[in-house]
Each structure stands twice: as C-alpha cells, then as structure tokens.
A.B. asks: 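Quick one: the structure is below, and I'll ask about it shortly.
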Amino acid sequence: MPARTLTSRSIPLVAATTLSVSLYALHTHVRPVLLDAAPGPTESTFGLPKKPRSAIIPSSSSPYLPLGWGSNRYLTLSPDQSLSQLKKPTPLTQFGATPLRDLVLAEKYGAAVDARGDCWMWGTGYDPSGEVGRSIKGKNIKTLIPASAKLFCLSKSGNLYAVSTSRAVQTSSQQYKAERSWWSSMFGTDAGVDFYELQAEGGLKRGERWASVSAGKHHLLAVTTKGRTFSLPIDPLANSHRQLGTRQVLDASTAPLASIRSSPSSSSPTPTPSLPLNPATDPRAYPTLTEIPSLASVPIASVTASALSSFARTPTGRVLGWGANESGQIGLGPSGAIEVVSSPVEVVLARNYPGGTTMNCTRVVAAGALTMFVVERDVPGKEGTWVDLLACGNGMSGGLGNGLWSSACTSPVKVKTVSGLQEYSEKKNAFVPLGIHDLSISSGPAAHIFAVLDTADQAEEKGVKMGLYGKDVMVWGGNVDYQLGNGKRSSLAVPQHIPQLISRSSGDIAAAAKEAGLSSGTLSPMPHSRLQLHQSKTDAYDLSGKLIKRGVKCEETMVAGYNSSVLYNKTLD
C-alpha cells in the first residue's frame, strides 16, 4: 500500500516538472526570434539594451575608448551615414570604454572579440544600419581572421570557425535553424548564429590544434601546433595564382554543393540539405583544409597570406613564399621576377647583409601586394642582437618606407628609419638595440603601416608604471582617406611619428604645440609629445554594457584597417 501511495503522488509532480521544462524550453527558443522581430523600447535594433551602455562610456575622453579615423564609406568606424571619412582621430563611443581581445577592420565590416571571447560585428557588410551586433558567442574566441565576405575565428583551444559576414545569412540559414535545438537554447550552448567548424583533411593528430591562421583575398593558410601547414579556398578564385600551394582546380558551379554537408555540431548524422548559397559567403562551401604537399616534411612556425601570395616561416627563421609575384612581393630578387611562383621557394634575406652575419626572420607581415620581414641579426664585432625591417612589393603609396614611390620592388630593402635602431638603457648604462614590438599593414589599395617600437623595454620601471614612458609609434604609406592620423591627406614614403592622441595631463596639449617642430636629427621628426602606447588595468565589459571582469591588464594597440585606422586597448590574458 505505501508503494502505491508514493507512486500515485509522484505522478502529478513528474507531470508538473515535465510541463515546466517544456514551457521554459519553448520560451527560451521563441524569445530571441520575438526580440529580433520587434525590439522593445529599451532595446536597439539588435536586441541589445541601450541603458547599460552608459556604464562603460563615462566620457568621450576616456583613455579606454577606441579612437578611429579614415574611411567610413561602409560605416566601419561610425554608424553615422553622413560621415564618409573621419579626418582626425575620433572617439568610437558605440564600442564603449573597454579592452578587447582583438579588433579588425575589413573594407565593408568590422569585428571585435570581447574579454569573454564572444564576437561582435558592425558595418554595412554586416547590416545596412552599420550598428554593432553580437555574432558568435560561447566559443572563447581569441583571434579574428578577416576575409572579404567571411570571417574566420580562432579559439583559445585551437578550434577554427567560419561565419558569413552578413547578419542576414548568419541568422536566416536553414541549416542553422534545423540544427538549433531547444536543448542548446535552454543550457546556453547555442552560438547564436550560423557558423561552421572547419576540419583538416584526414583529421588532426592527437593533441594537435590550429596555432597560426592568416587569410588573403581568396585563400586561407593555417599551421598546427605540430608544424603542419594547410590551405583552404575561401571562394572559387582561391588558387588563381597557385597561392593554395596545391594543384586544386576550383569550379564555381560545384562549390555550393558543399552546403548540404552536415555540421560537426549537428546531433543527427544525416546531412540536412539547405538552399545553395554563394560560395563566397557560405561558411560550409569549403569545409576542409588540405595539407600542402610540398611542406609536408618541413616544420613551419607561422604562415602569412597577402591578397594573392603565401608565406611560411620555419622555426629557424627561414622564409618560403609562393603565389602572385607581379610586384615582386615574394622578394625573390631580379632573377626571380616572374608573375606566378607555383610552389614554395625560399626567400633569401641574407642578400642585405655582409658575409658572416647571423640572421633569422622572426615575423612576416603582408597585405595586398606588399610584404614585410622583421629580421634579427648578430653583427660580427658588435654586442647585442639588432633588428631590421625589410620590405618588398608595391610601394606606389610609399609603403616601402625607403623614400621612393615604386610600383614594384623585387628585392627586400631596409626601412632605414626603423631598422638598426639603438636606445640608451638606464639599466645597462649603455646603448642597446631597439626592437619592433608590433607591425600592422592595411589590406587597402593604398596600404599604410603602423610600426610599434620597443622603446619602453629599457626604460625605468617606475616611469613606465606612471605612464611617463611608452612604446613609440611610426606610420607611413597611403593617406587618401586621412588614415595616417596626422591630420593631413598627403601620403608618406618615410616613417614618421604622429601626434599624441590621448591627453594624459593638462600640459600635454601645450607641450605638443610647443614641441611639434623639434627633431631627433633623423629623417623622422621626433617631437617629445608624440604618440606612445601604454599598458594599464581596467574593467572589461561586453559591447552591450555587461561587466565581464574587473582589473583586466591591457595594452594600447594600433590597427591598420582597410583605408582606416583604430587605436584600442587589447587584453593581455
């Protein structure tokens, strides 16, 4: 009898629990759709609350508010459609005063990663309004790799994702709607938009992850933690100049067939057909990376993709290049002046140095038809390791940094103003070589470049913490949209300092005006009140105004976007 009583009493409880779970699941599954269809009076177009945003924008002069300048044709800097250009550095209040993991500016859209690892996007390439909206969430993204109509995201755990840059495609995909379940909505595992996790052909080895990823105009390169190198088509033109490093022949008429493949996140093993999409925007059009056969036995440390060319750097500092070479951007010299390099060939950087010099390349940065190499060298008879910046390719906008306006440069040449520099070390009481901390090149047709020097490494520690010393910024290249940040429109063929953009004390403005004409005695004037980048700590928010973490360490960072520029605080986690 007791057993029967217990069972009869349990039936209503179980039924009520089941009904509650079902109603909650239905509510959480339908609610986002209702928000998108009819936002309430306290929500923006994307369902983001407006009121909390004031919490992260204390004032337009906050040092943690990103600054932007240059082209705004596609609302990548400001949602104000009346502004086609920002002629001087302007606070970008729509992002809030918060540090970010990463930020990129493509031609028609921008994207950023907050301190939680969620991706946010904006610009007319994302939504015609240009307003900021949340894209992929819950994937702990670390790095963004922009392409023209797709955005690639590398997570902290080494997973690689692809998503369309169009908000309409992200949210209306039939494949996404079929895969989205009430279970993922209820427990917060839903990424919020349609995306695809890219896989390696044949799979990765145990413990192997994606380590370095770079995208060009039509192709993507990736290297794993075990040094294996892969390539991926982004659209049917991906191997037009053999930049994939393979013999793949892509057919635009068959590419959309990959759209019917099932997503690795799908709970059903049966592929769910979807309407064929443009392969340039469909994240499933090319789902598999292929290992580059000629590099299968060569360990690679990092890869770099420019518009139509490819580069791979070995752990020992040697560089291999292939793909388009019409402007000499691979750097093979006069004897290698051919338009297409069909397979990886070593770029001999030692031509710039006398015999006996020990050297290695620590970084390759490329965009458009311009390539730059950061080289460390040991000079016979001199103490210390010296750092040079070499450039080759198209220098019509002054991007070579050698004072010339050249349409083609086949041999890497020194950017003298930022090469072989020294600074006085108070710690060692002597002059020591000065390194290059960061380098950013625009992918626009009139490329511009930001080089950040390690001028704070040897400075007094107390002065660095107080903000008295920072990392110097040098800029040069195209300036048709005021992207250099110097308030002028003329391009520069020699690296120059730019004025300080963030006021840190009451005397900064007066000092800048007084010292603007002071020169360091080099080709580049060096005013005392020049732009320097600093590290600090502050609270991190997402772009809707919600607090993520307090006391996040960050560093001011320069981004050379597509005919535009941004200064923001990058998290150092």
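Only this structure's heavy atoms are used, side chains among them; waters, hydrogens and symmetry mates stay out.
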A.B. asks: Using the side-chain hydrogen bond (donor to acceptor under 3.5 Å, both in side chains) rule, take H218 and S240 through it: C-alpha gap first, then chi angles, then the decisive distance, then the call.
C.D. replies: CA-CA 9 Å; H218 308 292; S240 59; 5.6 Å; no

A.B. asks: Determine whether L220 and Y286 make a side-chain contact, defined as any pair of heavy atoms from C-beta on separated by less than 4.5 Å.
C.D. replies: no

A.B. asks: Whether the S166 and S164 side chains hold a donor-acceptor pair (N or O, under 3.5 Å, no angle test) is what I'd like checked.
C.D. replies: no

A.B. asks: Decide yes or no for I330 and V347: does some side-chain heavy atom of the first lie under 4.5 Å from some side-chain heavy atom of the second?
C.D. replies: yes

A.B. asks: Are any of the side-chain nitrogens in K137 or D114 under 4.0 Å away from the carboxylate oxygens of its partner?
C.D. replies: no

A.B. asks: Does the side chain of L198 reach to within under 4.5 Å of the side chain of F230, using non-hydrogen atoms?
C.D. replies: no

A.B. asks: Among W120, Y568, W122, which residue satisfies the ring pair (Phe, Tyr, Trp, His ring centres under 6.0 Å) criterion with F95?
C.D. replies: W122

A.B. asks: Side chains of S565 and H448: any donor to acceptor distance under 3.5 Å?
C.D. replies: yes

A.B. asks: Taking all atoms of both residues into account, what is the closest heavy-atom pair of L390 and K414, and its distance?
C.D. replies: CD2-CG, 3.5 Å

A.B. asks: Only pairs at least two apart or in different chains count here, so list each side-chain hydrogen bond (donor to acceptor under 3.5 Å, both in side chains) that has a residue in residues 384-396.
C.D. replies: Y353-D388, R377-D388, D378-T385

A.B. asks: Looking at R284 and D194, does any basic side-chain N land under 4.0 Å from a carboxylate oxygen?
C.D. replies: yes

A.B. asks: Indicate the atoms forming the closest heavy-atom contact of A305 with G216, along with that distance.
C.D. replies: CB-N, 3.6 Å

A.B. asks: Considering non-hydrogen atoms only, spot the tightest contact between A540 and V552 and give its length.
C.D. replies: CB-CG2, 3.7 Å

A.B. asks: When you look at CZ of R363, are more than 12 heavy atoms from neighbouring residues, nucleotides or ligands closer to it than 6.0 Å?
C.D. replies: yes

A.B. asks: Using only heavy-atom distances, determine whether the side chains of R313 and N360 contain a donor-acceptor pair under 3.5 Å.
C.D. replies: no

A.B. asks: With distance as the sole criterion, is a donor-acceptor pair present between the side chains of S71 and R73 under 3.5 Å?
C.D. replies: yes

A.B. asks: Can you tell if the side chain of W69 reaches within under 4.5 Å of the side chain of L567, non-hydrogen atoms only?
C.D. replies: yes

A.B. asks: Report yes if the side chains of E346 and R318 come closer than 4.5 Å at any heavy-atom pair, otherwise no.
C.D. replies: yes

